[in-house]
Amino acid sequence: MADPATEGRRLRRSFGRLAVLGALLVVAGLVGLVYTGLATLTSMLLFGWLLLIGGFVGLLHAIDSRGTNYFWLGVVVAALNIAAGVVVIRHPQGTAEALTMFAALLFLTGGVFRLVGSVVVRGPQFGWTLLQGVFGLLLGLLVLFDWPHSSLYVLGLFFSLALLFDGLGLLAMGLGGRRVVSMVSEQSERSERRVTGEPSASPPEERHKWSKE
């Protein structure tokens, strides 16, 4: 059985690494919010490389499963991923424009469906659904009216916000985890002292009070 103190130190180190990763993501998100054009280009290149690597992995998997009914389907999907990755890497600006147009159309259709649904159904969340529909409709119109210039900052803005909120979540999880592990370790040490009969460390206020008496 592992020593509780050693296990506690290992858990604190793990949560510490998680907090460091969260801090790095927060910094990257803040930098991306300042330089949205650079964040858009970075997100497109990452997207292209992910498609390319996923295509090669899918092709290797398809080759391993040759002779099955899904061989040619796997080859076609892998080839499409590789081709899409090459196009995205070679033409990141055009890809950003196309994806921004797609995002604007998604916002528009989602906003219209929420507006119509909230008016027709009028459920208990009527006001909240109506507000979501109006917000999605306005956001889609703003992106669409400023297209293709909006492609320079919309995707980078979303990418940076995702990094920022993910980083804040990891940072809070890492710091909270370290705090919980420290509290559990202190409780375990106090319990061991009670069992062995060793005097536990008194708080500074109590030691000061006893020294006065």
List, by chain and number, the other hydrophobic cluster members for [X], where Ile, Leu, Val, Met, Phe, Trp and Tyr join if side-chain heavy atoms come within less than 4.5 Å, directly or indirectly.
X	answer
L80	V76
L171	L175
L24	V20

My understanding is that only residues two or more places apart in sequence, or in another chain, count here; which of them pass side chain to side chain contact (heavy atoms under 4.5 Å, CB included) with [X]?
X	value
V27	V31
L18	F15, L170, M173
L141	L108, L137, F145
R179	M183

Item checked: W147 atom CH2, over 12 foreign heavy atoms within 6.0 Å -> yes
Checklist line | L161 with L142, same ILVMFWY side-chain cluster at under 4.5 Å | finding: no
Checklist line | Heavy-atom pair with the smallest gap, counting every atom of L33 and T36 | finding: O-CG2, 3.5 Å
In a table with atom names and distances, give each donor-acceptor pair under 3.5 Å that connects a side chain of residues 93-105 to protein atoms at least two apart or in another chain.
| residue | atom | partner | partner atom | Å |
| --- | --- | --- | --- | --- |
| T95 | OG1 | H91 | O | 2.8 |
| T100 | OG1 | A96 | O | 2.6 |

For residues 152-160, run the donor-acceptor check on the side chains, cut-off 3.5 Å, and write out each pair with its distance to 0.1 Å, sequence neighbours left out.
| residue | atom | partner | partner atom | Å |
| --- | --- | --- | --- | --- |
| Y153 | OH | D146 | OD2 | 2.7 |
| S160 | OG | G32 | O | 3.3 |
| S160 | OG | G156 | O | 2.7 |

Below 3.5 Å, can you tabulate the donor-acceptor pairs from side chains in residues 42-61 to any protein atom, sequence neighbours excluded?
| residue | atom | partner | partner atom | Å |
| --- | --- | --- | --- | --- |
| T42 | OG1 | L38 | O | 2.8 |
| S43 | OG | A39 | O | 3.2 |
| S43 | OG | T40 | O | 2.7 |

